[in-house]
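Note on naming: letters A, B, ... go to the chains in the order of the sequence lines (proteins, then strands), and numbering restarts at 1 for each one.
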Amino acid sequence: MTIYDELVARGLIAQVTDEAEIKELINAGKATFYIGFDCTADSLTAGHFMALTLMKRLQMAGNKPIALIGGGTTMIGDPSGRTDMRKMLTKEDIDHNAECFKRQMERFIEFGDGANQAMMVNNADWLLKLNYVELLREVGACFSVNNMLRAKCYEQRMEKGLSFLEFNYMIMQSYDFYHMFQTIGCNMQFGGDDQWSNMLGGTELIRRKLGKDAYAMTITLLTDSQGNKMGKTAGNAVWLDANKTSPYDFYQYWRNVGDADVMKCIRMLTFLPLEQIDEMATWQNGRINEAKEILAFELTKMVHGEEEAVKAQNAARALFSGGGDAAADMPSTALAAADFTDGAIGLLDMMVKCALAPSKKEARRLVEQGGVEVNGERAADPTTRFAADAFAGEGLILKKGKKVFHRVVTE
RNA sequence: GGGAGAGUUCCAGAGUGGCCAAAUGGGGCAGACUGUAAAUCUGUUGCGUAUCGCUUCGGUGGUUCGAAUCCACCCUCUCCCA
């Protein structure tokens with residue numbers, strides 16, 4: 001099976017500019033493609049994950065990936081699909097974030113100077129040097145404002161107001177492609193489907209300025225059965241950085257996807273052979289949880305390594321199915337002597353300390369509603385206090401709700 | 001540049017002198033039911049040394065016994081005209 005057919009079979013392709021050409025290019029390993037990453041945070045998220053796996057798939061097929069860090073474009077802010085303006089970041093923040101991204105990407109794709117080894121570039125290197133008038137003269141005539149205003153990525157902002165700053169994002173992104181096409185032979189751009197109009201801006205610019213063809217392809221956005229973007233819990237991103245989202249939590253995120261979304265995720269995100277996936281798709285209801293475990297394990301393994309994945313899986317099994325002592329891998333907090341008053345600590349204070357509740361009021365509510373267990377016993381009294389020696393040995397196991405476990409020990 | 005309007009809690013959006021920590025919906029969290037799923041139902045959703053106190057309604061001042069609500073100035077945004 002060719003790489004292109006595989007991408008189609010996995011449901012990864014959303015839109016392409018020229019199917020026949022792209023097919024030939026990537027099947028033959030002749031594409032030098034880029035994917036841009038806005039560096040608004042110091043870690044990549046589960047939302048970027050699919051892009052990373054796509055880079056890996058294409059690299060394995062012999063194509064050369066370019067990871068473009070948006071050091072320059074981040075200073076403008078992509079308005080696509082947004083209803084509010086992004087916060088402006090300082091140059092220092094952006095540089096720091098770019099550095100963090102690179103470390104994480106190295107887990108997935110191989111960087112180097114070889115023919116199909118990946119390279120990383122930062123568009124700050126050329127965008128920040130641009131001169132306004134020169135830029136206008138160079139590319140300004142190639143963009144039709146009429147068309148830009150019709151672009152889907154600005155649609156939502158047209159209702160609320162779009163600043164000129166953000167309006168220029170498309171031009172910057174197009175310029176990136178144009179620049180890399182000339183300097184490093186980048187002939188294809190990949191990106192999320194929400195980037196489609198920005199990407200077309202680039203191919204159009206190249207065609208107009210250089211009379212040459214460049215290609216663009218978008219990846220299906222990973223949404224759940226309700227149409228929400230995946231990779232977020234309660235509005236917070238699921239991070240790839242173990243310090244921001246622990247391997248256990250990462251595992252749990254995927255372990256808990258809805259029934260309707262499991263097979264889709266396995267198909268799009270894992271590297272399991274398609275035949276195996278097709279077979280899994282025929283599994284009966286009872287085995288849906290098995291499929292979820294496979295999904296969670298595979299993804300955790302890719303992001304955090306096999307060892308962490310095994311630990312996360314064992315911990316999850318022990319906590320939810322009983323038995324085993326792998327619960328040692330659950331998140332934990334060590335209390336300092338200063339957290340104790342008269343040799344004891346209150347239940348509510350302890351919960352806040354462990355970040356199981358943002359405030360004591362919230363902690364109290366949880367206890368009163370029967371959502372808290374200590375060492376397997378429901379804690380019904382918010383005034384309960386625990387003496388320091390209660391934490392001896394394994395410490396205390398706090399449980400919030402059905403799924404959140406936390407070990408509390410003393411320093 | 002001229003004119004009109006808007007800024008309320010996580011979001012949307014009521015509230016136009018005291019009964020307002022602020023309706024309603026969404027989202028979140030917890031409980032029940034389950035399969036660590038979905039759907040449904042229930043409770044809850046500013047903070048606290050807790051039948052009371054404290055801090056919130058763009059910002060700063062002011063009027064008043066009392067202000068999200070009235071006044072002044074400022075900031076931000078939207079719309080119409082240029």
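Side chain of R365(A), nearest nucleotide from rG35(B), rU45(B), rU36(B): rU45(B). Listed nucleotides rU36(B), rC29(B), rU49(B) differ in distance to E362(A); the shortest reach to its side chain belongs to rC29(B). Taking only side-chain atoms of K361(A), from C-beta outward, the nucleotide of rG48(B), rU45(B), rG35(B) with the closest atom is rG48(B). Of the candidate nucleotides rG35(B), rG48(B), rU36(B), rG48(B) has the atom lying nearest to any side-chain atom of S359(A).
For rA37(B), one of the phosphate oxygens OP1 or OP2 lies less than 4.0 angstrom from a side-chain nitrogen or oxygen of K403(A).
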Could you run down the sub-3.5 Å N/O contacts of the protein with nucleotides 21-24 of chain B?
none

Set out, line by line, the N/O atom pairs under 3.5 Å between protein and nucleotides 31-33 of chain B.
unit_1: rC33(B); atom_1: N4; unit_2: K402(A); atom_2: NZ; d: 3.2

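Counting any heavy atom pair closer than 4.0 Å across all strands shown, A316(A) reaches a base atom. Contact annotation for K292(A): base contact, defined as any heavy-atom pair under 4.0 Å involving a base atom. Within 4.0 Å (heavy atoms only), V257(A) reaches sugar-phosphate atoms of the nucleic acid but no base atom.
Figure legend: K102(A) and F111(A) shown as a cation-pi pair, the cationic atom lying under 6.0 angstrom from the six-membered ring centre and within 45 degrees of its axis.
Here E134(A) does not pair with R137(A) in a salt bridge; the nearest charged N to carboxylate O distance is not below 4.0 Å.
Atom-to-atom, CG of D261(A) to P of rA37(B) comes out at 14 Å; the value is rounded to the nearest Å. Between N256(A) atom CG and rU36(B) atom C1' there is a gap of 5 Å when expressed in whole angstrom units.
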